[in-house]
Number of protein chains: 2
Amino acid sequence: MAHHTKNDILDAAEYLFAEQGFTQTSMREITTRAQVNLASVNYHFGSKKNLIQAVFKRYFDKLMPDIEKSLLGLSAKEGTQGVELLLFSLIPPMINLSTVSENGTATFVKLLGRGYNETQGHLRRFIMNDYGACIRELVDCIQRCLPSLPKETLFWRMHFAIGSFVFSMTSSQALTEIAESDFHKHIEIEEVMSQLVPFVAQGLAGSIDS
Amino acid sequence: MAHHTKNDILDAAEYLFAEQGFTQTSMREITTRAQVNLASVNYHFGSKKNLIQAVFKRYFDKLMPDIEKSLLGLSAKEGTQGVELLLFSLIPPMINLSTVSENGTATFVKLLGRGYNETQGHLRRFIMNDYGACIRELVDCIQRCLPSLPKETLFWRMHFAIGSFVFSMTSSQALTEIAESDFHKHIEIEEVMSQLVPFVAQGLAGSIDS
DNA sequence: GTCTATAGATCGATAGAC
DNA sequence: GTCTATCGATCTATAGAC
């Protein structure tokens with residue numbers, strides 16, 4: 001059936017893209033993993049590039065409405081604590097991505113990292129075109145928590161924060177293995193995010209004169 | 001002459017690797033840019049994989065001794081300020097990488113980011129084998145600034161910090177373009193690093209009970 | 001050491017039978 | 001919608017003349 005085939009391709013593709021990158025993943029690998037015919041990818045998605053966008057669309061269509069709801073239900077509070085509350089409110093929508101696919105959260109962030117520097121800006125344009133409103137709203141919320149922070153400082157710190165998240169997820173397998181062997185406990189993605197939120201909140205809210 | 005050819009290949013390769021990634025850069029692109037023959041890469045380096053390692057080696061051989069010197073000349077000071085001082089002391093060695101190649105600093109960090117998630121751990125092993133002592137010393141110095149911080153918290157925060165740096169450099173072109181168009185001023189890499197240091201210092205030193 | 005030429009593998013995409 | 005078969009392009013790596 002077509003619907004199953006299409007979803008099977010998406011499942012296989014997102015896994016391989018996240019683990020290996022877009023260029024390093026061939027159509028043959030995808031169709032083999034999805035147990036469908038090689039030609040079906042081009043039949044259903046037209047091209048590899050379209051397939052990549054479809055993989056992202058499945059996540060963003062789930063994530064963005066959830067984030068908008070989280071932002072609406074937020075009590076405005078200033079300072080580090082306000083930022084930390086805001087960031088914590090983003091965790092449930094992120095965790096919810098597990099309903100899209102197994103390990104959906106980590107997969108999505110890995111894909112985001114890959115997309116940021118493998119697709120030469122194509123992805124950034126696609127995201128800002130289709131989901132720009134929600135992203136701008138998120139930035140505004142953070143700015144309202146930190147009214148005295150110059151826009152330029154916030155701009156850089158926001159990207160530093162994204163970098164922390166993307167990198168820790170992209171390298172999550174290696175990092176989790178090291179952490180588990182060093183600290184003798186099982187690491188879940190929720191824990192990594194709980195570690196990340198205070199780091200990012202402190203970094204974002206830090207005074208600029210020191 | 002052999003020496004020139006070898007260096008020309010390294011110069012061309014590191015530029016293309018940093019901008020496009022390892023897989024997306026072909027030997028033909030490298031040799032064309034270096035204006036040398038296609039076969040000379042395999043003659044001088046044996047394989048593409050060895051070429052990648054040689055590109056990294058040129059940077060680490062310059063960077064690691066400088067970092068060790070910086071750490072030795074550091075007056076131990078605790079807390080956020082101590083971390084910030086330590087991080088600031090790393091900036092000159094990083095800036096000095098411009099002597100290795102044009103835009104050496106950004107190129108190196110971009111390569112690091114690429115290597116972290118394109119080479120399936122091969123690079124991590126290579127780095128820890130050849131330069132692990134210096135890296136461990138750096139971690140110890142930070143730990144000494146933050147004696148009350150659990151090792152596990154520090155572990156995660158260190159990687160969040162690396163992620164911030166790598167991501168901002170990997171996306172530096174896009175980010176710098178946006179920043180320049182939004183804030184109407186030219187952005188230099190020193191400025192990005194000056195923005196980064198307080199962010200990372202605050203994030204690293206933040207209290208764990210909040 | 002540097003070149004040409006090419007082997008050998010793999011890729012994305014498509015044509016055409018069913 | 002799904003399959004086989006294959007085209008045409010591109011890649012890394014190497015053999016062998018100079």
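Given the structure is predicted, the values throughout are model-derived calculations rather than measurements. Labels below follow one simple rule: chain letters A, B, ... track the order of the sequence lines, proteins then strands, and each chain is numbered from 1.
A:H184 places no side-chain N or O within donor-acceptor distance of the main-chain N or O of A:E180, the cut-off being under 3.5 Å. Side-chain N or O atoms of B:Q143 include one that pairs as donor or acceptor with a backbone N or O of B:L149 at under 3.5 Å.
Distance CG (B:N42) to C1' (C:dG1): 14 Å, rounded to an integer number of Å. Rounding to whole angstrom units, CG of residue B:N37 and P of C:dC3 are separated by 5 Å. Look at CD1 on A:I30: it is 12 Å from C1' on C:dC11, rounded to the nearest Å. Atoms CE (A:M27) and P (C:dA9) sit 23 Å apart, rounded to a whole Å. Distance CD (B:Q24) to C1' (C:dC11): 14 Å, rounded to an integer number of Å. Computed from coordinates, the A:F45 CZ to C:dT14 P distance equals 16 Å when rounded to whole Å. Rounding to whole angstrom units, CG of residue A:N50 and P of C:dT14 are separated by 11 Å. A:R28 has its CZ atom 13 Å from the C1' atom of D:dT10, to the nearest Å.
Within the 4.5 Å cutoff, side-chain heavy atoms of A:C134 are placed close to those of A:M64.
In this structure, B:T23 reaches neither bases nor backbone, as no heavy-atom distance under 4.0 Å exists between it and the strands shown. At the heavy-atom level, A:T25 lies under 4.0 Å from the strands shown only through sugar-phosphate atoms.
Listed nucleotides D:dC3, C:dT2, D:dA5 differ in distance to B:H44; the shortest reach to its side chain belongs to C:dT2. The side chain of B:T5 has C:dT2 as its nearest neighbour among D:dA13, C:dG12, C:dT2. For A:S47, whose side chain is taken as the heavy atoms from C-beta onward, the closest listed nucleotide among C:dA13, D:dA13, C:dA15 is C:dA13.
Relative to the ring axis of A:F45, A:K6 places its NZ or CZ within 45° and under 6.0 Å from the centre.
Between B:S26 and D:dC11, a side-chain N or O to OP1/OP2 separation shorter than 4.0 Å is present. Taking side-chain N and O atoms only, B:S40 has no distance below 4.0 Å to OP1 or OP2 of C:dT2.
A salt bridge links A:D11 with A:R58; the closest basic N to acidic carboxylate O contact falls under 4.0 Å.
Each of A:V36 and B:Y43 has a nearest nucleotide on DNA chain D; the 5'-most of these lies closest to A:V36.
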